[in-house]
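Inspection log for the structure reproduced underneath, given as structure tokens.
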Amino acid sequence: MDSLGDLIWTELFALGFGIFSWFASFRGLKIARLIEDTPTSKIRSAPQGYIEIIGRSESRPHDDLVRAKLTGTPCVWYSFEIEKYTSNGKNSSWKTVEKGNSKEPILFSDDTGLCFIHPDRADVSTEIKKVWHGNSRYPTSSKNAGLFSRRYRYTEKRIHCGQPIYALGRFETLHPPSTTEQTRAAMNTLINEWKRDYDKLIAKYDRDGSGDIDLQEWEQVRADAQTEAAQKVNENYDHTPINVMSYSPARSQPFVISTSEPKALSQRYRWQFIGFGILALACTLGFLYLLPTTIDTWRG
């Protein structure tokens, strides 16, 4: 019965990993073909929807760079993984204890304009990757530890300011609210601020001395707030639209960000197609090879 159980578990593993590998293989081919077939758009004239853009990462306003979690290195994007070495008799492996990536938009430019790329849920690949070891949950140094201080393994990937960027995703141009909408919002904010000092508000607008502000007096409050809000909006209104690239909810539209050139990136996904395809074929053949043995063992 033990041998039958082992056979069943082996077949289930081969079947499950085979299905995963088939999906991963065809996904790699699909992304490679999208990279090769999607025309490159310029930010200024880009259509709304699923597009490809190529340019360079830029520093954010006021040089507000992101700092990588493990090394503290200034960058525009990072991801990290912390693994712990575990050993149980003859079995040993690295187990992930923490991982994550930055969520701040990447400011990106080509020779026609700027775009904010929101990296959440993107397949990001970068040429800058660092792997080192240490003896504590979080690294105390970015250098490799000694032979006896390798309980933890740290991996950090980064995109630096000025690096070339390839992006494939959903592009959208967002226009700022109209002056009327901004004035209305600013007016409500002013009135709420004035209400916090209600005694001062009464002293200024309670003309009949009733100790309260009636409907007519409230109309004057609103008129003054609207005048002041309109003046502030007219002085500071920015008509510049904001270009954004982000994850597309459509499964047929993968979101890709990379520091590699399109040709090299496409080739990487084609190798993924081949590699996972070989694994998928091997798992499928293994499953079919073990199936008769499992059936015979179960019948016997």
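Scope of the values below: all heavy atoms of this structure, side chains included, with no hydrogens, waters or symmetry mates.
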Say whether [X] and [Y] are linked into one hydrophobic cluster, either directly or through other cluster members, by side-chain heavy-atom distances under 4.5 angstrom.
X    : Y    : result
Y198 : V221 : yes
L15  : F23  : yes
L288 : I19  : yes
I165 : L265 : no
L281 : L29  : no

Classify the side-chain pair [X]/[Y] by whether it contains a donor and acceptor separated by less than 3.5 Å.
X    : Y    : answer
S248 : Q253 : yes
Y205 : D214 : no
W77  : S57  : no
T173 : Q48  : yes

Should the heavy atoms of other residues, nucleotides or ligands under 6.0 Å from [atom1] of [X] be counted, would the total exceed 12?
X    : atom1 : answer
E104 : CD    : yes
K103 : NZ    : yes
K30  : NZ    : yes
E261 : CD    : no
W94  : CH2   : yes

The test is side chain to side chain contact (heavy atoms under 4.5 Å, CB included); show your working for I257 and M245 and say whether it passes. CA-CA 10 Å; I257 302 171; M245 177 171 277; over 6 Å; no
Nearest 0.5 Å, what's the [atom1]-[atom2] distance between [X] and [Y]?
X    : Y    : atom1 : atom2 : value
E98  : R137 : CD    : CZ    : 5.0 Å
I128 : I159 : CD1   : CD1   : 8.5 Å
Y85  : H133 : OH    : NE2   : 10.5 Å
N243 : I43  : CG    : CD1   : 6.5 Å
S41  : I53  : OG    : CD1   : 8.5 Å
H118 : I106 : NE2   : CD1   : 10.5 Å

Charged N-O contact under 4.0 Å between K99 and E81: no
If the threshold is 4.0 Å, N to carboxylate O, is there a salt bridge linking R44 and D110? no
Evaluate the side chain to side chain contact (heavy atoms under 4.5 Å, CB included) criterion for residues E217 and D212: first the C-alpha distance (whole Å), next the side-chain angles of each, then the deciding distance (0.1 Å), finally the verdict. CA-CA 9 Å; E217 291 164 345; D212 202 355; over 6 Å; no
Under 3.5 Å, side chain of [X] to main-chain N/O of [Y], donor-acceptor pair present?
X    : Y    : answer
Q226 : T183 : no
E156 : L70  : yes
T126 : R158 : yes
T227 : A223 : yes
S258 : Y166 : no
R56  : G162 : yes
D123 : V256 : no
T259 : E127 : yes
T86  : S93  : yes

Work out which heavy atom in [X] is nearest to a heavy atom in [Y]; give both atom names and the distance.
X    : Y    : result
F116 : P105 : CD2-CB, 4.0 Å
A229 : L190 : N-CD1, 3.9 Å
F255 : G169 : CD1-CA, 3.9 Å
F171 : P47  : CD2-O, 3.6 Å
L107 : S59  : CD2-O, 3.3 Å
Y269 : G28  : CB-O, 3.4 Å

Side chain to side chain contact (heavy atoms under 4.5 Å, CB included) between R270 and R33, worked out: CA-CA 9 Å; R270 286 194 173 272; R33 295 185 64 177; 3.9 Å; yes
Is any side-chain heavy atom of R268 closer than 4.5 Å to one of S260? no
Check against side chain to side chain contact (heavy atoms under 4.5 Å, CB included), F80 and N101: CA-CA 6 Å; F80 74 96; N101 56 269; over 6 Å; no
Which residue in the set S102, P74, C75 passes side-chain contact (heavy atoms from CB on, under 4.5 Å) when paired with R67? P74
Check the angle between the aromatic planes of F20 and F17 and answer parallel, tilted or perpendicular using the 30° and 60° thresholds. tilted
